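Notes to accompany the following structure.
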Amino acid sequence: MASTILPLELIDKAIGSKIWVIMKTEREFTGTLLGFDDYVNMVLEDVTEYENLPTGRVSKKLSGSTLLNGNNVAMLVPGSGPEDA
Amino acid sequence: MASTILPLELIDKAIGSKIWVIMKTEREFTGTLLGFDDYVNMVLEDVTEYENLPTGRVSKKLSGSTLLNGNNVAMLVPGSGPEDA
Amino acid sequence: MASTILPLELIDKAIGSKIWVIMKTEREFTGTLLGFDDYVNMVLEDVTEYENLPTGRVSKKLSGSTLLNGNNVAMLVPGSGPEDA
Amino acid sequence: MASTILPLELIDKAIGSKIWVIMKTEREFTGTLLGFDDYVNMVLEDVTEYENLPTGRVSKKLSGSTLLNGNNVAMLVPGSGPEDA
Amino acid sequence: MASTILPLELIDKAIGSKIWVIMKTEREFTGTLLGFDDYVNMVLEDVTEYENLPTGRVSKKLSGSTLLNGNNVAMLVPGSGPEDA
Amino acid sequence: MASTILPLELIDKAIGSKIWVIMKTEREFTGTLLGFDDYVNMVLEDVTEYENLPTGRVSKKLSGSTLLNGNNVAMLVPGSGPEDA
Amino acid sequence: MASTILPLELIDKAIGSKIWVIMKTEREFTGTLLGFDDYVNMVLEDVTEYENLPTGRVSKKLSGSTLLNGNNVAMLVPGSGPEDA
């Protein structure tokens, strides 16, 4: 079992690697984490956005860096993506 | 009857053991608690996610550590899981 | 008529005794109050959860101590339960 | 016309007397106000709860003192009840 | 054109006169403003409440002073009422 | 391209001129901006309110000054109105 | 891979260039970023607003500078627009 890890430590360790972010609106994003702040606002690059529509799950690539608003984040999984679940 | 226990004490005692977390969105998670902060943001590993869909209850394993946003947590039950209820 | 009682005093007096907690999501809990903090996050044991479903009211016993998020609490009634209403 | 009255002064004057509280969830309560704090969390006794259901308006008596979460309160009317409106 | 007026100045000037308050829940109130605080919690007297129901707009007189929770207020119009709009 | 402008600077420059305010509830207002505070609570006069109803878009004039709650504002456009869009 | 970038740094770098802002209400805006503050309230000019209606996606040009409320922002993508996704 891993030793104790604080939330912000977990995110800090994920800088430069892949991360999967699930928003409260059920939208999901994967990308490489470039940075974050104390409110868990996050900057990602190489971003793919996933959306569950009535017609099925769609994904689209976003160009450039993307900023996600921390207060809209439900959960995040460093080093992973929806295909790993 | 157990003696008085403060909320953060209860979570602190649960570090390293199993915990069941129910979110305000009705999603549920079980896993091993690795750490938490004053906002009850929590880091779990060996995580299983449960979701109640119209077609029934589904669960999926998440790989790696997971961070849950504290302000989305409705309740948590250390040392337990939905199957114990 | 009882003398003036402050909200946190009322909860403090309820430590060690039965309490009925109604959440904003209409879920209800009864149990023995073990502790609380200034945000009215509460630790209960011997917990029963009540949920009003379209098919009727269901209840289930939760094992171990349970932490309820204070900002999700609508109201609480020390020394009582839904059957007393 | 009454002289200027600050919100917390109005509540303070109501201690020991009847008060009608309407929540954001449209639930209503009447009872005797025993105390309150700066967040307008309130302790009432001799409480009656009113709920507007599709089938009509129902009321039920709650035993013992009740704590109402201030951030869920939409409005309150000291010395009155729904029957006076 | 009137000179610059700060929000709390506008409310302060309305003390003792009629005011129309529209809540985020679309409920509306008119009455005489007796006082307010920095959170725009407001005390009104001679209060009429307006509600838009599927069956039409209903209004009812409330007896005594009424406290409205500031964080539920969408907008207010001193010296006016819905009939003036 | 205009030089850098901070949000509160933009509003400050709009004092005394026309402004179009869109609320989170999709209600819209135009009027002359008389003042504002750090929470972007705003005082307007000569106010027209626009509402998108199932039956179509309706507008009504409000008499006197109006205070809009800043935490309900989605966006604002100084010097403009819906007819300019 | 880009070096570490903090959220506010990302926005600061975008001043004077195109930015795509997605609100929690699913409305989207593109425009030139003129300024922002610590709450991620943003001033844009040359603004186009996109809205997904049941009948399809509509867009409209807004004249003048526009202020977007930071607490309503879900995400933003500097140097991009929906057509690039």
Side-chain angles (χ1 to χ4, degrees), chain C residues 1-33 35-44 50-57 67-85, chain D residues 8-55 57-76 78-79:
Chain C
M1 192 205 70
S3 64
T4 303
I5 305 173
L6 292 174
L8 292 184
E9 282 171 6
L10 182 73
I11 308 176
D12 198 50
K13 284 188 180 184
I15 289 190
S17 57
K18 186 178 176 186
I19 194 166
W20 175 24
V21 182
I22 296 98
M23 312 300 274
K24 290 179 186 173
T25 58
E26 309 277 326
R27 282 196 198 211
E28 300 173 32
F29 299 88
T30 56
T32 305
L33 179 66
F36 67 101
D37 61 25
D38 288 347
Y39 305 102
V40 190
N41 298 313
M42 285 175 283
V43 180
L44 274 61
Y50 300 86
E51 210 179 337
N52 300 312
L53 299 180
T55 48
R57 191 167 164 78
L67 171 64
L68 300 179
N69 183 339
N71 78 17
N72 221 25
V73 171
M75 57 184 275
L76 56 88
V77 190
S80 175
E83 68 288 352
D84 307 316
Chain D
L8 293 184
E9 284 171 5
L10 181 74
I11 308 176
D12 198 50
K13 284 187 181 184
I15 290 189
S17 56
K18 187 180 176 185
I19 194 166
W20 173 26
V21 182
I22 296 100
M23 313 299 276
K24 290 179 187 172
T25 58
E26 309 277 326
R27 281 196 198 212
E28 299 173 32
F29 299 87
T30 56
T32 305
L33 179 66
L34 296 186
F36 67 100
D37 61 25
D38 288 347
Y39 305 102
V40 190
N41 297 314
M42 285 174 284
V43 181
L44 274 61
E45 71 172 9
D46 304 329
V47 176
T48 301
E49 179 185 358
Y50 300 85
E51 211 180 337
N52 300 313
L53 298 179
T55 47
R57 192 166 163 79
V58 295
S59 68
K60 64 183 174 188
K61 293 281 293 174
L62 303 180
S63 64
S65 303
T66 297
L67 171 63
L68 301 179
N69 184 338
N71 78 17
N72 222 23
V73 171
M75 57 185 275
L76 55 89

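What you are looking at is a predicted structure, and each value in this text was computed from that prediction instead of being measured. Every chain is numbered from 1 and lettered A, B, ... according to where its sequence line falls, protein lines coming before strand lines.
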In Å, rounded to the nearest 0.5 Å, how long is the span from CG of D:Leu34 to CD1 of D:Ile15? 8.5 Å

Over all atoms of both residues, closest heavy-atom pair of D:Ser63 and C:Val77: O-CG1, 3.4 Å

Could you tell me which of D:Asn69, D:Thr66, D:Leu67, D:Asn72 has the largest number of non-hydrogen atom pairs under 4.5 Å with chain C? D:Leu67

Residues in residues 35-44 of chain C near chain D [non-hydrogen atoms, under 4.5 Å]: none

Derivation of the side chain to side chain contact (heavy atoms under 4.5 Å, CB included) call for D:Leu68 and D:Met23: CA-CA 9 Å; D:Leu68 301 179; D:Met23 313 299 276; 4.2 Å; yes

Closest approach of C:Asn71 to C:Lys24 (non-hydrogen atoms, all atoms of both residues): O-NZ, 3.0 Å

With rounding to the nearest 0.5 angstrom, report the CD to CD distance, C:Glu51 to C:Glu28. 10.5 Å

Proximity of residues 6-13 of chain C to chain D, residues having a non-hydrogen atom under 4.5 angstrom: C:Leu6, C:Pro7, C:Leu10, C:Ile11

To check you understand the geometry: which heavy-atom pair defines the closest contact between D:Ser59 and D:Tyr50, and what is its length? CB-CD2, 3.7 Å

Tell me, out of C:Ala14, C:Ala74, C:Pro78, who's got the most heavy-atom pairs with chain D below 4.5 Å. C:Ala74

What is the minimum heavy-atom distance between D:Glu45 and D:Ser65, and which atoms define it? CB-OG, 4.3 Å

Here the gap from D:Arg27 atom CZ to C:Glu26 atom CD, rounded to the nearest 0.5 Å, amounts to 4.5 Å

If you take all heavy atoms of C:Asn52 and C:Arg57, which pair is closest and at what distance? OD1-NH1, 2.9 Å

Shortest non-hydrogen pair, C:Thr30 vs C:Ser80, comes out as CG2-O, 4.4 Å

